[in-house]
There are 2 protein chains.
Amino acid sequence: MNTRFAVATHILVVLHGQDGKPVSSDVIAQSVNTHPALIRRILTQLARAGLTESQLGAGGGALLARPSPSITLRDVYDAVDEDGDLLGIHPGPNPNCPVGRNIQQTLRVEISAAVNALRTQLSQKTIAALAGEILAIS
Amino acid sequence: MNTRFAVATHILVVLHGQDGKPVSSDVIAQSVNTHPALIRRILTQLARAGLTESQLGAGGGALLARPSPSITLRDVYDAVDEDGDLLGIHPGPNPNCPVGRNIQQTLRVEISAAVNALRTQLSQKTIAALAGEILAIS
DNA sequence: TCTTATTGTTACTATTACGGTTACATATAT
DNA sequence: ATATATGTAACCGTAATAGTAACAATAAGA
């Protein structure tokens, strides 16, 4: 993870702005200020999650697969989060210690509750709403 | 970050179990299954946050600086999180694009709301409660 | 006072993750 | 046909992380 969530969100906001017309990874890369291949890598994840689709060939590009008011930042997070290790658990604690033996499963519960709280907060904001805020600034 | 939150929590649970008596980084390291220097590094962060204190010299070690029912997992997260980049924002988006120009500040708001939701969830669980659950298993 | 145990910190290494970059086979519109 | 895109693989450089060793400073206890 790391900036992939931010970049993925950026991509979707751009696509929202051009709704209907496919946008090439080259154009998106210019807005994000990175390289088209990286954009395409993230677009692959978004497409796998059903948020975008792409058209091959000349005049092709990416477009939203669902209306932007139906896409929340939680959807983006989930699309881009492959291994779910926002807060990692340390491997191999001592099994002969009452703490070491059991802390992993107990921590896992707390961490997933915390990450779910984060996801729920993210689900409050849609791409349409976010794009509205962004474009309202200037 | 990454496993530092988990290791820091592990440390505090161990200290909870030995309340009163200082525990050496060596003993803690055996429970975590890592190296004393790493434990001491994290103990430095916990001490800076006022959660632990250490006694130098023979027979010394770390102990809780506050009662374990008053320490929540949010305190641990905050102690160990130095740069607050759980979800990073991509640098240098294109200032000539209406999206690139404004997305950072807008995303920053959403990300900090999300991280605060995660922190609030973590604040629901104290070290004392967590230790209780861990030791109840076996 | 001397010895021993322990911290706090620095420095170095190895491994991994991440973003940047190139390349290219495949597909499609014109 | 040709030009334009995607999707994907491969590789590089940098930064973060964990592991490790070393040592001065400190304090307990004989």
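Below, chain A is the first sequence line, B the second, and so on; all start at residue 1.
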Looking only at the side chains, is there a donor atom on one of [X] and [Y] sitting less than 3.5 Å from an acceptor on the other?
| X | Y | result |
| --- | --- | --- |
| His10(A) | Ser31(A) | yes |
| Glu82(A) | Gln45(A) | yes |
| Arg101(B) | Ser138(A) | yes |
| His90(B) | Thr3(A) | no |

May I have the distance from [X] (atom [atom1]) to [N] (atom [atom2]), rounded to whole angstrom?
| X | N | atom1 | atom2 | value |
| --- | --- | --- | --- | --- |
| Ile28(B) | dT6(C) | CD1 | C1' | 12 Å |
| Asp26(A) | dA3(D) | CG | P | 17 Å |
| Glu53(B) | dT6(C) | CD | C1' | 16 Å |
| Ile42(A) | dG20(C) | CD1 | C1' | 12 Å |
| Arg40(B) | dA25(D) | CZ | P | 16 Å |
| His90(A) | dA16(D) | NE2 | P | 23 Å |
| Ile39(B) | dT6(C) | CD1 | P | 15 Å |
| Lys21(A) | dA29(C) | NZ | C1' | 17 Å |

With salt bridge (Lys or Arg N to Asp or Glu O under 4.0 Å) as the test, would you mind laying out the steps for Arg4(B) and Asp81(B) before giving the verdict?
-> CA-CA 9 Å; Arg4(B) 287 208 302 281; Asp81(B) 172 53; over 6 Å; no
Contact under 4.0 Å: Ser54(B) side-chain N or O vs dT6(C) OP1/OP2 =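 The answer is no; no side-chain N or O of Ser54(B) sits under 4.0 Å from OP1 or OP2.
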Can you check whether Ser25(A) has a side-chain N or O nearer than 4.0 Å to OP1 or OP2 of dT6(D)?
->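 Result: yes.
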Between Arg48(A) and Gly60(A), name the one whose nearest nucleotide on DNA chain D is closer to the 5' end.
->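 Nearest nucleotide further toward 5': that of Gly60(A).
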Starting at the 5' end of DNA chain C, which residue's closest nucleotide do you reach first, Pro91(B) or Leu43(B)?
->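 By nearest-heavy-atom nucleotide position, the 5'-most residue is Leu43(B).
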Counting heavy atoms from C-beta on, name the nucleotide in dT9(C), dA5(D), dT6(C) closest to the side chain of Ala37(B).
->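 My answer, after comparing the listed nucleotides, is dT9(C).
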Minimum heavy-atom distance [X]-[Y], with the two atoms named:
| X | Y | value |
| --- | --- | --- |
| Asn2(B) | Asp85(A) | OD1-O, 3.3 Å |
| Lys21(A) | Leu63(A) | C-CD2, 4.4 Å |
| Ala49(A) | Ala79(A) | CB-CB, 3.5 Å |
| Val13(A) | Ala131(A) | CG1-CB, 4.0 Å |
| Val80(B) | Phe5(B) | CG1-N, 3.8 Å |

Under 3.5 Å, is there a donor-acceptor pair between the side chain of Ser70(A) and the main chain of Arg66(A)?
->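 Side chain of Ser70(A) to backbone of Arg66(A): no pair is present.
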Return the polar atom pairs (N/O with N/O) between nucleotides 15-19 of chain C and the protein under 3.5 Å, or none.
from, atom 1, to, atom 2, distance (Å)
dC18(C), OP1, Met1(A), N, 2.6
dC18(C), OP1, Met1(A), O, 3.2
dG19(C), OP1, Thr3(A), N, 3.1
dG19(C), OP1, Thr3(A), OG1, 2.4

A correct dot-bracket answer for DNA chain C, with pairs being Watson-Crick or G-U at under 3.5 Å, [ ] for crossing pairs and | for inter-strand pairs, is ||||||||||||||||||||||||||||||
So which protein nitrogen or oxygen atoms get under 3.5 Å of nucleotides 26-30 of chain D's nitrogens or oxygens?
from, atom 1, to, atom 2, distance (Å)
dA28(D), O4', Ala58(B), O, 3.4

Quick one: does Ile127(B)'s side chain get under 4.5 Å of Thr72(B)'s, heavy atoms only?
->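 The answer is no, as the side chains (C-beta and beyond) never meet within the 4.5 Å cut-off.
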